[in-house]
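Since the structure is predicted, the reported quantities are computational estimates derived from the model, not experimental observations. Letters A, B, ... are given to chains in the order of the sequence lines, protein chains preceding strands, and every chain is numbered from 1.
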Protein chains: 2
Amino acid sequence: MGGEETATSKAPRTERGKRTLRKLLDAAAAEFGERGYHEASISGITQRAGAALGTFYTYFDSKEQVFRALVDDMGHLTRQHIAERVPGNVDRLTAERLGLEAFIEFVREHKDLYRIVMEAQFVAEDAYLNYYKVFAAAYTRNLAQAAEKGEIRPGHEEERAWALIGMSVFLGMRYAVWSSDKSAKEVADAAAELITFGLSPLARGGGVM
Amino acid sequence: MGGEETATSKAPRTERGKRTLRKLLDAAAAEFGERGYHEASISGITQRAGAALGTFYTYFDSKEQVFRALVDDMGHLTRQHIAERVPGNVDRLTAERLGLEAFIEFVREHKDLYRIVMEAQFVAEDAYLNYYKVFAAAYTRNLAQAAEKGEIRPGHEEERAWALIGMSVFLGMRYAVWSSDKSAKEVADAAAELITFGLSPLARGGGVM
DNA sequence: TCGAAACCTGAGTCAATATTCAAGTTGTAG
DNA sequence: CTACAACTTGAATATTGACTCAGGTTTCGA
């Protein structure tokens, strides 16, 4: 599902071109992240990149196209980062804790890109939808597999996936984007306990009902 | 914390004025909700309202000001609707289920306003922050009280509050804004179970550890 | 009924900026 | 070295839409 083939005409063919493209992408991430899509300007991007205004259009068709490129990029980077931090052989509940911690750390290091993803909802809704649908589908699958293994209670996998993604997103927003007043581990531990046992006072001691 | 006093000069003084202001507010909600802040135009708002362009500026100072007014409005309406649906004397876990169901229903009936709240993050960040901080503070308090009564396990009240708000927001987005393929009750029940017992397979049967 | 305050009108002003383009510069294959 | 493709440049174009304003119309208290 790449977009490489249509972008051919704009792809750089020399080393110099590749360097310029990279500078523009980094500059765009910074500009969009700091000022938001509509406040951001192409001239702002090219200035940050140390290039002329027209150079932008050597590599991109429009303002919206770079934005979409950055959203997709963020999806890949996020999944990659989490996958690196969560071994494949741990049980689901452990994976949840490690995954959340990795996610919060990642957001802290990429606030700009994260803000771009969130804003995509209003600028490139299909890109945004896709971003979360990919996550939700993978999550739903993981939950279903874990249920089969008896690692978690079965049922409602899809709703749970969205609920858990929502938790991560808001914890990321609150404790990574807005403020870092608690460590990623602290937040992840609190959430992991909630995910594992819920709020019930009976959960640990031996259940009723 | 209202803004009534400074808005005096723009407040309507006749019946006709009140009617026009209301028409403009409704039109603005629809315009912003459908097209998003930046695509929305003042002329779009006044056309929907059946008024002339200049009339807008009889009641508002700027495009951003109406937008903020709508965000605040949404906060009040949401809290009011949930409070109406959640009796004060039920235990916390029941309140969670009823509250989430009420929230999803509310979002379904006010998709426009809900979209506006989400977009506020990029248009009027302080209004957005305030919107959720008010929710989170109340939530944290409720959780602490419930913990004292022994209705839930104590600890991490703030993180839990943000986690639970995130769950609601994403479930609302997925099952109210994007699609209504499941009933509010169905979604609320699934989430309530997760909130109560977590994912642990041991939670119901009688716990180990 | 009268007149002032409130309200309405919509063409016009003005600033912002996405995008184009024609002319120059640099890289590189042969 | 040379010539052509790749790349860069930034002034000019074109559109868009928030906001103003001077002049009408409606409301309503007295």
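To the nearest angstrom, P of D/dC19 lies 13 Å from CZ of B/Phe60. Between A/Lys23 atom NZ and D/dT8 atom C1' there is a gap of 11 Å when expressed in whole angstrom units. Look at CD1 on B/Ile45: it is 13 Å from C1' on D/dC19, rounded to the nearest Å. Summarising the geometry, the separation between CG on A/Asp61 and P on C/dA18 is reported as 15 Å, rounded to the nearest angstrom. Rounded to whole angstrom, the span from the OH atom of B/Tyr57 across to the P atom of C/dG12 amounts to 18 Å. Between the NZ atom of A/Lys18 and the P atom of D/dA6 there is a distance of 14 Å, rounded to whole Å. Across the protein-nucleic acid pair, A/Glu39 atom CD and C/dA18 atom C1' stand 15 Å apart, rounded to whole Å. Atoms CG (B/Leu53) and P (C/dT13) sit 15 Å apart, rounded to a whole Å.
B/Asp126 and B/Arg68 are joined by a salt bridge, as a carboxylate oxygen and a charged side-chain nitrogen come within less than 4.0 angstrom of each other. Contact check on A/Glu157 versus A/Arg141 returns no salt bridge, with no Lys/Arg side-chain nitrogen under 4.0 Å from an Asp/Glu carboxylate oxygen.
Geometrically, B/Arg115 does not engage B/Phe32 in a cation-pi contact, judged by NZ or CZ lying under 6.0 Å from the ring centre and within 45° of the ring axis.
Of the candidate nucleotides D/dA18, C/dT9, C/dT19, C/dT9 has the atom lying nearest to any side-chain atom of B/Ala52. Across D/dT27, D/dA6, C/dT19, the shortest atom-to-atom separation from the side chain of B/Thr14 is found for D/dT27. Looking at the side chain of B/Glu15, the nearest of the listed nucleotides C/dT19, C/dC7, D/dC28 is D/dC28. Closest approach to the B/Tyr59 side chain among C/dC8, D/dA18, D/dG10 is made by C/dC8 (side chain taken as heavy atoms from C-beta onward). For B/Lys63, counting side-chain heavy atoms from C-beta on, the closest listed nucleotide (D/dA18, D/dT9, C/dC7) is D/dA18. Nearest nucleotide to the B/Ala51 side chain, out of D/dT27, D/dT8, C/dT9: C/dT9. Nearest nucleotide to the side chain of A/Ser41, out of C/dT17, D/dA18, C/dC8: C/dT17.
The nearest heavy atom of DNA chain D to B/Arg19 and to B/Arg35 marks one nucleotide each, and the one closer to the 5' end goes with B/Arg35. Remark on DNA chain D: of its neighbouring residues B/Arg16 and B/Phe56, the 5'-side contact belongs to B/Phe56, judged by nearest-heavy-atom nucleotide. Toward the 5′ end of DNA chain C lies the nearest nucleotide of A/His38, the other residue of the pair A/His38 and A/Gly54 mapping further downstream.
A sub-4.0 Å separation between OP1 or OP2 of D/dG17 and a side-chain N or O of B/Ser43 is absent. Using a 4.0 Å cut-off, no side-chain N or O of B/Thr58 falls inside it from OP1 or OP2 of C/dC7. At D/dC7, none of the side-chain N or O atoms of A/Thr55 fall inside 4.0 Å of OP1 or OP2 (strictly under the cut-off). Between B/Arg13 and C/dA6 there is a side-chain N or O to OP1 or OP2 distance below 4.0 Å.
No side-chain donor-acceptor contact under 3.5 Å links A/Glu109 and A/Tyr114. Side chains of B/Tyr37 and B/Glu31: no donor on one and acceptor on the other come within 3.5 Å.
Backbone-only contact: A/Ala40 has heavy atoms under 4.0 Å from sugar-phosphate atoms and none from a base.
Annotation: A/Phe60 is in aromatic contact with A/Phe56 [ring centroid separation under 6.0 Å].
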